[in-house]
Amino acid sequence: MATWQCIKNCGACCNLNPEERPDLDLYLNPEELEEYLSMVGEGGWCINFDHESRECRIYEKRPRFCRVQADIFVDMYDIEPEELNDFAIDCCRQQIEGVYGDRSLEMLRFDQAVGI
């Protein structure tokens, strides 16, 4: 069984382009939506994403919507804890494909890490 995990030096989720996420207001409250939009920088990338190291500069203090945790996903997406693994894998694969491509090194690394 595949098990979700974040892969280091990917950053696909840091591409926050709101044009590609038209339903933000459905799962972010007004304050979170404002914070999210304030984080969108050049090319749709998060202003806290370090493109050289491909790491988050505020990882330990990142907002709730940047965290993959069961309680957050229940609240934001109505995803039950037992569904989190499959949902997170699907979300990551879609985001990685959109940002880097379905045959990218990032996709290969992700699939290998989660056991696909």
Verify side-chain contact (heavy atoms from CB on, under 4.5 Å) between Cys56 and Asp50, making sure each step is shown before the conclusion.
CA-CA 6 Å; Cys56 177; Asp50 183 324; over 6 Å; no

Apply the test side-chain contact (heavy atoms from CB on, under 4.5 Å) to residues Met1 and Asn85: give CA-CA distance (whole Å), side-chain angles for both, the deciding distance (0.1 Å), then the verdict.
CA-CA 10 Å; Met1 179 178 148; Asn85 188 61; 3.6 Å; yes

One pair to check against side-chain contact (heavy atoms from CB on, under 4.5 Å): Phe49 and Arg54. What are the steps and the verdict?
CA-CA 7 Å; Phe49 181 63; Arg54 296 179 79 178; 3.9 Å; yes

Is there a side-chain contact (heavy atoms from CB on, under 4.5 Å) between Asp102 and Ile96? Walk through the geometry before answering.
CA-CA 7 Å; Asp102 66 341; Ile96 292 168; over 6 Å; no

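Cluster membership check: Tyr27 shares its hydrophobic cluster with Leu37, using side-chain heavy-atom separations under 4.5 Å among Ile, Leu, Val, Met, Phe, Trp and Tyr. Under the 4.5 Å side-chain heavy-atom criterion for grouping Ile, Leu, Val, Met, Phe, Trp and Tyr, Val114 is not connected to Leu105 through any hydrophobic cluster. Both Ile116 and Val99 belong to a single network of hydrophobic side chains, linked directly or stepwise wherever heavy atoms of I, L, V, M, F, W or Y lie under 4.5 Å apart.
Heavy-atom minimum distance, Phe110 versus Ile89: CE2-O, 4.0 Å. In this structure, Gly101 and Met107 approach most closely via the heavy-atom pair O-CB, 3.9 Å. Considering every non-hydrogen atom in both Gln5 and Ala113, the closest pair reads NE2-O, 2.7 Å. When every heavy atom of Cys10 is checked against every heavy atom of Tyr100, the shortest pair comes out as O-OH, 2.5 Å. Summarising the geometry of Leu24 relative to Pro18, their closest heavy-atom pair is CD1-CB, 4.1 Å, with the distance given to 0.1 Å. Minimum interatomic distance between Cys92 and Trp4 (heavy atoms only, all atoms of both residues): SG-NE1, 3.1 Å.
We find that Arg64 and Asp75 are joined by a salt bridge, their nearest charged nitrogen and carboxylate oxygen being less than 4.0 Å apart. For the pair Arg93 and Glu106, the salt-bridge criterion is not met [side-chain N within less than 4.0 Å of a carboxylate O].
Cys6 is not listed as a side-chain neighbour of Val68, based on a closest heavy-atom distance of 4.5 Å or more. Counting heavy atoms from C-beta outward, Met39 and Pro63 have side chains that approach closer than 4.5 Å.
Classification of the Phe73-Phe87 ring pair by plane angle, with boundaries at 30° and 60°, yields perpendicular. Using the six-membered ring where Trp is involved, Trp45 and His51 have ring planes that are perpendicular, over 60° apart on the 30 and 60° scheme.
A 6.0 Å sphere centred on CG of Asp78 holds no more than 12 heavy atoms belonging to other residues, nucleotides or ligands. Within a 6.0 Å radius of CD in Glu82, other residues, nucleotides and ligands contribute more than 12 heavy atoms.
Panel note: side chain Glu83, backbone Glu80; a donor-acceptor pair is recorded below 3.5 Å. Between the side chain of Asn9 and the main chain of Glu55, no donor-acceptor pair closer than 3.5 Å is present. Within the 3.5 Å criterion, the main-chain N or O of Lys8 finds a donor-acceptor partner in the side chain of Arg109. Between the side chain of Arg57 and the backbone N or O of Ile47, at least one donor-acceptor pair lies under 3.5 Å. No donor-acceptor pair closer than 3.5 Å links the side chain of Arg67 to the backbone N or O of Ile72. Under the 3.5 Å distance criterion, the side-chain polar atoms of Tyr36 are matched with a main-chain donor or acceptor of Leu16. Distance alone, capped at 3.5 Å, is enough to place a donor-acceptor pair between the Gln95 side chain and the Asn15 backbone. Judged purely by atom type and a 3.5 angstrom limit, Glu20 has no side-chain atom pairing as donor or acceptor with the backbone of Asn17.
A distance of 9.0 Å separates CG in Leu84 from SG in Cys91, rounded to the nearest 0.5 Å. If you take CD on Gln69 and CE on Met76, they are separated by 11.0 Å, rounding to the nearest 0.5 Å. Of the inter-residue distances, the one linking Cys66 atom SG with Glu32 atom CD reads 10.0 Å to the nearest 0.5 angstrom. The line from CG of Leu33 to CG of Asp25 is 6.5 Å long, rounded to the nearest 0.5 Å. Taken to the nearest 0.5 Å, the CD atom of Glu35 stands 9.5 Å off from the CG atom of Asn29.
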